[in-house]
Amino acid sequence: MNLLGDWDDLTHGTAVFSAAIPFALALPVCWNVPVRWWFAVVALAVVPVAYWLFRWPDFPPLGSDDLAGMVLLAAVVILAFGTVLGERVKWPLRLVVRALVFTAIGWSLYPEWLSEDGDAARKILVCGWIGLSIALVSVLAGRMPEQKFSIMTPAAFIPPTIALAVLLQTGGSMRFAQVIGALAAGLAAVCLASLIWRKRDPTGSVGALWGILFVALAWSGWLFAEIRYGLACLLLCAPVAAALVRLIPILPRTNPFLCQLWDFLAASLVAVPVAAIAAMDYAAEMAEFEGY
């Protein structure tokens, strides 16, 4: 009974704000929102946990607490303009704009532990990589369905998102882990909505939003916590595995459910071992600490 009565941020907060509320909020909204705006539904799913943990972000930003809100707001604005303008905005321009925006966000939130020695060249390099990596992954993940090596279903992004939550949690960033958990719940709601109402995102914007939030929060785990960045980078191979599964001719892809199933299973081949390694390393560290 204590489990039900005593509020715990990790147990109850994760279950309520990172899973139940995002999923319950996003699924019915998908019914009334055009498919090309489903990325906004996924972003909406992240809002309750982001507000619960960080409240509204400060402008200009004051610290790591402002990261989730700033990235979410910037992502929605950028993708909204892209959705309205459509093909009039080509991918090179999208890449450049996203890189500049998120480089500026990284610059404004550059942590103290990296700036102690006043190395301006390192600050430029780190912030540049933040912006470029976010832009590149979001553009690749948001490719149009008719393009070669077409966009995966949102199911391909769920396993690496859950695995990143494990990495963030074991790296000492519970709050960012809960935010990324809400992203996974929003993606799951979109997957179920596409099956119920037999719709498919024609723009790839859900994948683009995933790319922005995923990479930004992975960077936050390195900037503000102790995330294993090698494992985090390896998680980017999960959607690639889902894309490669499309080259297997014996797998039927006429059924929407099977399309999502193959993508989910293929991405899990990478994501599950990564999460398991992080969990085992964390358990070993805790056992050593308790033994000491």
| request: Indicate yes or no for a side-chain donor-acceptor contact from Ser173 to the backbone of Gln169 under 3.5 Å, with no hydrogens or angles considered. | output: no
| task | Kindly assign one of parallel, tilted or perpendicular to the pair Trp210 and Phe157, based on the angle between their ring planes and the thresholds 30° and 60°. | result | parallel
| task | May I ask you to test the Arg246-Asp263 pair for a side-chain heavy-atom distance under 4.5 Å? | result | yes
| What is the minimum heavy-atom distance between Leu209 and Ala43, and which atoms define it? | CD2-N, 3.6 Å
| said: Could you measure the distance from the CG atom of Leu258 to the CG atom of Leu265? Nearest 0.5 Å is fine. | reply: 10.0 Å
| task | Grab the two heavy atoms, one from Ser133 and one from Val215, that are nearest each other, plus how far apart they are. | result | OG-CG1, 3.6 Å
| task | Taking all heavy atoms of Ala275 and all of Val166, pick out the closest pair and write down the distance. | result | O-CG1, 3.9 Å
| query | More than 12 non-hydrogen atoms from neighbouring residues, nucleotides or ligands closer than 6.0 Å to CH2 on Trp197, yes or no? | reply | yes
| task | Working to the nearest 0.5 Å, report the span between CG of Leu44 and CH2 of Trp38. | result | 14.0 Å
| field | Verify same cluster id: Leu95, Leu100 (apolar side-chain graph, 4.5 Å) | value | no
| task | Would you give the length of the straight line joining atom CG of Leu269 to atom CG of Leu244, rounded to the nearest 0.5 angstrom? | result | 11.0 Å
| field | Chi angles and distances behind the side chain to side chain contact (heavy atoms under 4.5 Å, CB included) call for Leu109, Leu223 | value | CA-CA 9 Å; Leu109 292 170; Leu223 292 173; over 6 Å; no
| task | Decide whether Ser194 and Gln260 meet the rule of one side-chain donor and one side-chain acceptor closer than 3.5 Å. | result | yes
| request: Spell out, as yes or no, whether a donor-acceptor pair under 3.5 Å connects the side chain of Ser18 to the backbone of Gln178. | output: yes
| field | Any side-chain heavy-atom pair of Ile130 and Thr103 under 4.5 Å | value | no
| request: Spell out, as yes or no, whether a donor-acceptor pair under 3.5 Å connects the side chain of Arg94 to the backbone of Val89. | output: yes
| task | Establish whether Met70 and Leu67 are linked, either directly or via other cluster members, by ILVMFWY side-chain heavy-atom contacts under 4.5 Å. | result | yes
| said: With a 4.5 Å cut-off on side-chain heavy atoms, are Leu114 and Trp222 touching? | reply: yes
| query | Hey, does Thr170 have a side-chain heavy atom less than 4.5 Å from the side chain of Glu285? | reply | no
| What's the verdict on side chain to side chain contact (heavy atoms under 4.5 Å, CB included) for Val179 and Arg175, showing C-alpha distance, side-chain angles and the deciding distance? | CA-CA 6 Å; Val179 171; Arg175 295 191 297 174; 5.9 Å; no
| field | Phe214 and Leu235, any side-chain heavy atoms less than 4.5 Å apart | value | yes
| Closest heavy-atom pair and its distance - Pro28, Ala24 | CD-O, 2.9 Å
| Is Leu72 reachable from Val42 through a run of hydrophobic residues whose side-chain heavy atoms are each under 4.5 Å from the next? | yes
| field | Passing candidate, ring-ring contact (aromatic ring centres under 6.0 Å, His included) with Phe17, options Trp52, Tyr51, Phe54 | value | Trp52
| field | Heavy-atom pair of closest approach, residues Ala216 and Val71 | value | CB-CG1, 3.7 Å
| Out of curiosity, Cys127 SG to Leu132 CG, how far, rounded to the nearest 0.5 Å? | 12.5 Å
| field | Proximity of Phe264 and Trp262 rings by center, below 6.0 Å | value | no
| field | Close side-chain approach of Tyr229 to Trp219, heavy-atom, < 4.5 Å | value | no
| query | Tell me, do Cys191 and Ile158 make a side-chain contact under 4.5 Å, heavy atoms counted? | reply | yes
| Same apolar cluster (I L V M F W Y, side chains within < 4.5 Å links), Leu236/Leu231 | yes
| Reported CG-to-OG distance for the pair Leu79 and Ser138, which is rounded to 0.5 angstrom | 7.5 Å
| task | Run the salt-bridge test on Asp65 and Arg55 with the 4.0 Å N-O cut-off and return the result as yes or no. | result | no
| query | Can Val96 be reached from Val137 by stepping across I, L, V, M, F, W or Y side chains whose heavy atoms are under 4.5 Å apart? | reply | no
| field | Distance (rounded to the nearest 0.5 Å) between Ile196 CD1 and Trp31 CH2 | value | 11.0 Å
| Is the backbone N or O of Ala278 less than 3.5 Å from a side-chain atom of Arg228, with the two atoms forming a donor-acceptor pair by type? | no
| query | Side chains of Ser205 and Arg36: is there a donor and an acceptor less than 3.5 Å apart? | reply | no
| remark: Heavy-atom nearest pair, Ala155 first then Pro159, reads O-CD, 3.2 Å
| Check: Trp129 and Ile134 side chains under 4.5 Å, non-hydrogen atoms | no
